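These numbers come from the heavy atoms of this one structure, side chains and all, not from hydrogens, waters or symmetry mates. Being a predicted model, the structure only gives us computed values, none of them experimental. Convention: sequence-line order gives letters A, B, ...; per-chain numbering from 1.
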Amino acid sequence: MRCLQESAVGKYYITTAIDYPNGPPHIGHSLEKVAADVAARYHRLRGDDTFFSMGLDENSQHVLAAAEANGTPAREWVDLIDEAFRSAWRKLDITYDRWIRTTEPAHFHASQELFRRAQANGDIYKGTYAGYYCPRCNTFYTTGELTPQGTCPDHPTVTPDWIEEGNYFFALSKYTDRLTQYFEKHPDFIVPATWRGEVVNVLRQGLRDFSVSRPVRSGKLVDGKPWGVPVPGDPDHVLYVWFDALTNYLTAVGFPEEPERFERYWPADAHVIGKDITRFHCLYWPAMLMSAGIELPKSVAVHGFMTLEGDRISKTTGNIIDPGELADEFGADAVRYYLMRDISFERDGDFARANLIQRYNSDLANDLGNLLNRTVSMIGRYFQGVLPEPVAPVAPVLPAAPSSAASSSDATGLDAGLQRVARAAGEATAAGIERWDFDSALDGAWQLVRRANQYIDECEPWKLARDPEQRARLGAVLYNAAESLRLLTIYVAPFIPSAAAKMRAQLGLPKIEHGAWATQTTWGGLQAGTRLEKAQPVFPRIETAK
RNA sequence: GCCAGGGUAGCUCAGUGGUAGAGCGAGGGACUCAUAAGCCCUUGGUCGCGAGUUCGAGUCUCGCCCCUGGCACCA
């Protein structure tokens with residue numbers, strides 16, 4: 001199948017959007033980071049030279065406004081929020097390789113270099129940007145955005161003035177045709193396909209140039225210096241958000257100062273973003289790169305938004321959850337599993353605690369956790385914790401009683417069926433991840449969880465254990481159950497990494513290796529004689545009041 | 001208003017024109033290795049509404065109703 005061959009060992013560079021440090025992270029930020037982390041972990045398991053970049057978009061006047069509102073000096077503020085974000089992602093087991101902050105000198109160099117290249121290509125020109133300017137927000141508004149009384153939407157006492165100011169513009173309009181052609185040639189550039197239509201639609205209406213700078217005097221100064229990346233050759237201007245922010249994807253892999261690293265990872269294989277910034281990533285960004293003569297990213301993966309308990313996530317109403325606290329409460333695996341299994345990546349979804357608990361208990365504790373527990377427990381009880389031989393199954397010697405299903409089924413068929421499901425489950429999981437369809441990926445893995453639980457019930461090892469003549473068969477059954485679990489630890493590792501590690505420890509397996517998905521997913525990897533640990537619940541049930 | 005995507009069992013959703021599915025939930029059963037978990041069975045839907053095409057439509061066409069998202073420099 002496509003997934004298994006195309007993703008043969010290579011490199012994989014994945015990014016998430018960089019967030020504004022205008023407040024601490026909330027649960028809405030976490031879907032994207034977890035999804036990207038799952039993809040990154042998956043590619044590492046496939047053996048790819050993987051690089052995963054995340055970070056913060058600090059060069060914004062919004063950030064200064066937030067700092068001021070909190071009465072904190074700007075630098076202190078961004079450091080504080082920076083720590084809050086990294087702490088949250090640490091608690092969610094997000095394994096980024098590079099944490100980028102756009103206030104880094106390296107990023108200044110990268111965005112200035114990109115600007116120069118676009119300029120050299122004749123795509124930067126000076127124009128006039130006009131709008132209603134609210135000094136409290138440091139933001140321009142259009143007529144439609146103001147209140148009917150003409151006041152600022154956020155500051156009812158302020159009546160913004162019409163201001164025109166000199167600005168540098170990027171000639172996006174020049175790229176309408178090239179972008180159109182590009183999307184035609186690369187139908188998979190935007191995934192899922194839903195979002196492709198919207199972008200192409202905008203393209204059809206033609207593109208407008210956009211401003212890429214702001215005069216320094218219209219922004220606040222920090223430590224006597226303008227906040228942002230100075231425009232090369234014109235210190236009176238700083239780069240304006242998108243031109244600066246998007247460039248972080250280049251900075252993260254060493255553009256332009258580490259050419260060998262840049263060559264190694266660029267172009268990005270996937271930019272994972274929220275639906276609100278689709279246009280910038282699918283139109284502005286490719287055009288900027290075309291202008292600078294840099295290869296375009298392979299794909300942009302767009303996810304939907306989340307509501308929280310049915311309501312919009314909103315700082316003003318306080319309807320937020322700190323992802324770090326959530327991880328503290330339920331564990332990173334529970335949160336990650338719930339996000340990936342219950343919240344659609346493509347469409348909008350709702351985050352609800354009750355559903356998280358439901359999912360956890362039903363899928364993780366009851367299905368997967370119990371499968372491990374009963375298997376390890378029986379190997380402990382019947383084989384003193386030493387993994388038995390996977391001897392060729394012998395047809396059960398139960399001559400007379402075709403009454404129960406198990407005794408009338410033949411062992412060879414059961415064993416072969418389990419192996420077949422194990423293989424199919426791995427393929428389904430991989431295919432789902434590669435399509436950004438995590439729900440179906442997990443559903444694929446759970447096909448094996450269910451089958452293995454059924455297999456155990458059908459083989460009834462506790463009955464085999466009472467008959468010394470069935471000793472070999474008993475061993476084979478438990479081996480097969482354990483081997484299913486070994487495969488599952490690889491399949492689920494991208495989603496629930498620490499649980500996968502705990503499961504492997506109980507199974508007496510070493511830590512999961514880079515490339516394991518490519519090299520260790522063939523049936524029969526478990527070695528007889530392996531010493532298992534004592535069975536211990538990996539997913540203790542969450543008891544609810546009712 | 002325009003564009004896109006949805007409206008299928010209590011919930012979340014899957015369904016290449018040919019007798020409506022899964023998981024969860026609910027009810028029951030047989031077991032006992034296991035986290036009172038697992039396994040088996042059952043329950044449960046006028047597939048948004050109305051026409052049309054077709055031997056036959058959840059599945060195609062048209063109209064209508066409702067929901068969500070997008071309509072450009074705004075997480």
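- RNA chain B is contacted by both A/Asp209 and A/Leu368; A/Leu368 maps to the nucleotide lying nearer its 5′ end (nearest heavy atom per residue).
- Contact check, A/Gln454 against B/G38: no side-chain N or O comes under 4.0 Å of OP1 or OP2.
- Cation-pi check for A/Arg450 over A/Tyr455 is not met; the charged atom does not lie both under 6.0 angstrom from the ring centroid and within 45 degrees of its normal.
- Taking only side-chain nitrogens and oxygens, A/Arg451 never comes nearer than 4.0 Å to OP1 or OP2 of B/G38.
- The 5' end of RNA chain B is approached more closely, in terms of each residue's nearest nucleotide, by A/Gln447 than by the other of A/Gln447 and A/Phe169.
- In this pair, A/Phe210 does not lay its aromatic ring on the base of B/C73; centres under 5.5 Å and planes under 30 degrees do not both hold.
- Taking the six-membered ring for Trp and the full ring otherwise, the centers of A/Phe170 and A/Trp285 sit at least 6.0 Å from each other.
- Note: CG (A/Asn370) to C1' (B/G38) measures 5 Å, nearest angstrom.
- Contact annotation: side chain of A/Asn373 to base of B/A34, donor-acceptor pair absent below 3.5 Å.
- By the 30° and 60° cut-offs, the orientation of the rings of A/Tyr284 relative to A/Phe280 is perpendicular.
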Shorter than 3.5 Å, N or O on both sides, protein versus nucleotides 8-15 of chain B: list them out with atom names.
unit_1: B/A14; atom_1: OP1; unit_2: A/Arg347; atom_2: NH2; d: 2.7

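- If you take CG of A/Asp363 and C1' of B/U35, they are 15 Å apart, rounded to a whole angstrom.
- Side-chain N/O atoms of A/Tyr360 include none lying less than 4.0 angstrom from OP1 or OP2 on B/U35.
- The distance from the CZ atom of A/Arg353 to the CD atom of A/Gln358 is 15.0 Å, given to the nearest 0.5 Å.
- In this entry the distance linking CG of A/Asn453 with P of B/C39 reads 5 Å, nearest Å.
- Taking the six-membered ring for Trp and thresholds of 30 and 60 degrees, A/Phe539 and A/Tyr360 have ring planes more than 60 degrees apart, a perpendicular arrangement.
- Contact of A/Asp457 with B/G38 (side chain to base): a donor-acceptor pair of N or O atoms is detected under 3.5 Å.
- If you take CZ of A/Arg374 and C1' of B/U32, they are 9 Å apart, rounded to a whole angstrom.
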